[in-house]
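In what follows, a single structure is set out as structure tokens and then discussed.
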Number of protein chains: 2
Amino acid sequence: MNKHGEAIAQFTKHKSTHGLKSSDKRSFVVDHFIQADRHFTVEELYFEVKKLRPEISYSTVYRALKLLAKCGLASESMFGEAVSRYEPVHSSAHHDHLICNRCGRIIEFENDKIEKLQKDVARNYDFLVSAHRLELYGLCKKCRRKKNR
Amino acid sequence: MNKHGEAIAQFTKHKSTHGLKSSDKRSFVVDHFIQADRHFTVEELYFEVKKLRPEISYSTVYRALKLLAKCGLASESMFGEAVSRYEPVHSSAHHDHLICNRCGRIIEFENDKIEKLQKDVARNYDFLVSAHRLELYGLCKKCRRKKNR
DNA sequence: ACAATTATGAAAATGAATTGCAATTTCATA
DNA sequence: TATGAAATTGCAATTCATTTTCATAATTGT
């Protein structure tokens, strides 16, 4: 089963264990989010969905994303902005972000060495880490070229 | 001149170069922030100031913090919460944060190795970094002890 | 002191997140 | 297939921090 299939399966499982029912609209939103496999604000996802299924409301999108977050398929993060972004959670490794200040592109990366050093730091402070966030802001490859335009 | 004095001087300079006037109230807020030398939300700083100078309004505190941010003496960050926090900027090194999910304590740290690895990552993506943020969330020393209470 | 400009306080506006509620849909069971 | 309890949906209303407006007060240069 592919990655998307797994995610859908996990969502279905969460529904059954939580007494939730199926719904076309929510499924559409969930599928779209999982297929897209990238960051969304509620509003961004809402606008995309609306193009294809105009009868789906903001509330439904909002609640679908909250639900995805609850069942571990999306994580909510606030990239220093005032709006929440939801990103797909890949069962695999945690990832950090490079965020372009110009075009908004978000690049994910992983770096084991950094992760390890983080643990060292935490140990020094007798701090028990449950989550972390690392974000590098600046200009992405494309935007560096057009820096002075 | 001590660190606080330098900060005050920088603030004074910013005022003169920007045609701003002096004000008792704003100075009080600015001094308090600089002396305290720690994180504040607007509201937190407002409540502290209010105890000592009840005639100072939320607006003044808000605008003072915005101003401090503009002149580089404070930086605004959103620790994954819905509220902005302002932290003193020390002319010296950048620092990252350990954030206790239980008591809210924020511990600052610096780690050159991590900084270096970040640069390596950026280089790999041809990304030009202008700022970064690293936050480790979890339980601080004190809160680990009372974890199960 | 006067004029010009900035600072202040209180209230209103903004904007995103969240919730309440009535109408609708789902689904297990009769 | 019909039923009813429970979940879902859309819209409007609320919440809550941030930000702006505007009338008044304070500051600064002349």
Side-chain angles (χ1 to χ4, degrees), chain A residues 11-33 39-50 52-71 74-87 104, chain B residues 11-33 39-50 52-71 74-87 104:
Chain A
F11 183 68
T12 304
K13 185 181 173 188
H14 184 271
K15 277 195 302 186
S16 69
T17 57
H18 289 73
L20 305 184
K21 295 176 178 173
S22 297
S23 116
D24 240 28
K25 293 173 180 175
R26 182 169 60 199
S27 295
F28 186 84
V29 175
V30 167
D31 288 355
H32 192 86
F33 177 76
H39 299 262
F40 282 104
T41 62
V42 175
E43 201 177 23
E44 285 164 359
L45 183 53
Y46 170 58
F47 279 123
E48 285 202 7
V49 161
K50 198 170 60 167
L52 305 164
R53 295 282 301 272
E55 77 280 16
I56 295 179
S57 74
Y58 181 95
S59 299
T60 295
V61 175
Y62 169 80
R63 288 189 270 230
L65 281 173
K66 277 287 174 194
L67 190 54
L68 283 163
K70 268 187 194 163
C71 65
S75 77
E76 219 177 334
S77 31
M78 309 194 43
F79 290 100
E81 306 163 278
V83 296
S84 300
R85 281 184 180 279
Y86 291 81
E87 62 172 313
Chain B
F11 183 70
T12 303
K13 185 181 175 188
H14 184 270
K15 277 195 303 186
S16 70
T17 57
H18 287 72
L20 304 185
K21 296 178 178 174
S22 297
S23 120
D24 241 28
K25 293 173 180 177
R26 182 169 60 198
S27 296
F28 185 84
V29 175
V30 167
D31 289 355
H32 192 87
F33 176 77
H39 300 265
F40 283 103
T41 61
V42 176
E43 203 179 22
E44 284 164 0
L45 183 53
Y46 169 58
F47 278 122
E48 285 202 8
V49 162
K50 198 170 62 166
L52 304 163
R53 297 281 302 270
E55 77 281 15
I56 296 179
S57 73
Y58 179 95
S59 300
T60 296
V61 175
Y62 168 80
R63 288 187 274 230
L65 280 173
K66 277 288 172 194
L67 191 54
L68 283 163
K70 267 187 195 162
C71 67
S75 77
E76 219 177 333
S77 30
M78 308 196 44
F79 291 101
E81 307 163 278
V83 295
S84 301
R85 282 184 178 280
Y86 292 80
E87 62 171 312

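We name chains A, B, ... by the order of the sequence lines, and we start the count at 1 in each one. This one's a predicted model, so the numbers in the text were calculated from it and none came from an experiment.
- Taking each heavy atom of V61(B) and V42(B) in turn, the nearest pair found is CG1-O, 3.9 Å.
- The separation between E44(A) atom CD and dA17(C) atom P is 11 Å, rounded to whole Å.
- Taking K66(A) as the reference, Y62(A), E76(A), Y86(A) meet the side chain to side chain contact (heavy atoms under 4.5 Å, CB included) condition, with sequence neighbours excluded.
- Applying the salt bridge (Lys or Arg N to Asp or Glu O under 4.0 Å) test to E43(B) and every residue at least two apart in sequence or in another chain returns nothing.
- Atom-to-atom, CZ of R63(A) to P of dT25(C) comes out at 16 Å; the value is rounded to the nearest Å.
- Considering only side-chain N and O atoms, S84(A) lies under 4.0 angstrom from the phosphate OP1 or OP2 of dA17(C).
- Of the possible donor and acceptor atoms, none in the side chain of T60(B) sits under 3.5 Å from a partner among the backbone N and O of I56(B).
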Exercise for the section: Could you walk me through whether F28(A) and K25(A) pass side-chain contact (heavy atoms from CB on, under 4.5 Å), step by step? Expected result: CA-CA 5 Å; F28(A) 186 84; K25(A) 293 173 180 175; 5.7 Å; no
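- The distance from atom CD of E87(A) to atom CG of L65(A), rounded to the nearest 0.5 Å, is 12.0 Å.
- Listed for the R26(A) side chain is a donor-acceptor partner under 3.5 Å among the backbone atoms of K21(A).
- Using cut-offs of 30° and 60° for the angle between ring planes, the H32(B) and F40(B) rings count as tilted.
- Residues F11(B) and C71(B) approach most closely at CD1-SG, 3.9 Å, considering heavy atoms.
- What separates OH of Y46(B) from C1' of dA10(C) is a distance of 11 Å, to the nearest Å.
- The interatomic distance linking K66(B) (NZ) with dT6(C) (P) rounds to 20 Å, in whole Å.
- Across all their heavy atoms, T17(B) and H14(B) have their closest contact at OG1-O, 3.1 Å.
- Base pairing of dA30(C) is made with dT1(D), judged by Watson-Crick or G-U wobble geometry with both donor-acceptor distances under 3.5 Å.
- Contacts between residues 26-33 of chain B and DNA chain C, defined by a heavy-atom separation under 4.0 Å, are made by R26(B).
- Judged purely by atom type and a 3.5 angstrom limit, E48(B) has no side-chain atom pairing as donor or acceptor with the backbone of L45(B).
- A heavy atom closer than 4.0 Å to some atom of DNA chain C occurs in no member of residues 12-20 of chain A.
- Within residues 52-61 of chain B, the residues that have a heavy atom under 4.0 Å from DNA chain D are, in order of number, Y58(B).
- When all heavy atoms of H39(A) and R85(A) are compared, the closest pair comes out as CB-NH1, 4.3 Å.
- Remark: T41(A) OG1 to E44(A) CD distance equals 3.5 Å, nearest 0.5 Å.
- To the nearest angstrom, P of dT18(C) lies 15 Å from CD of E43(A).
- A nucleotide of DNA chain D counts as in contact with chain A when one of its atoms lies under 4.0 Å from a heavy atom; the first and last such, 5' to 3', are dA5(D) to dC11(D).
- An OP1 or OP2 oxygen of dA17(C) is reached within less than 4.0 angstrom by no side-chain nitrogen or oxygen of Y62(A).
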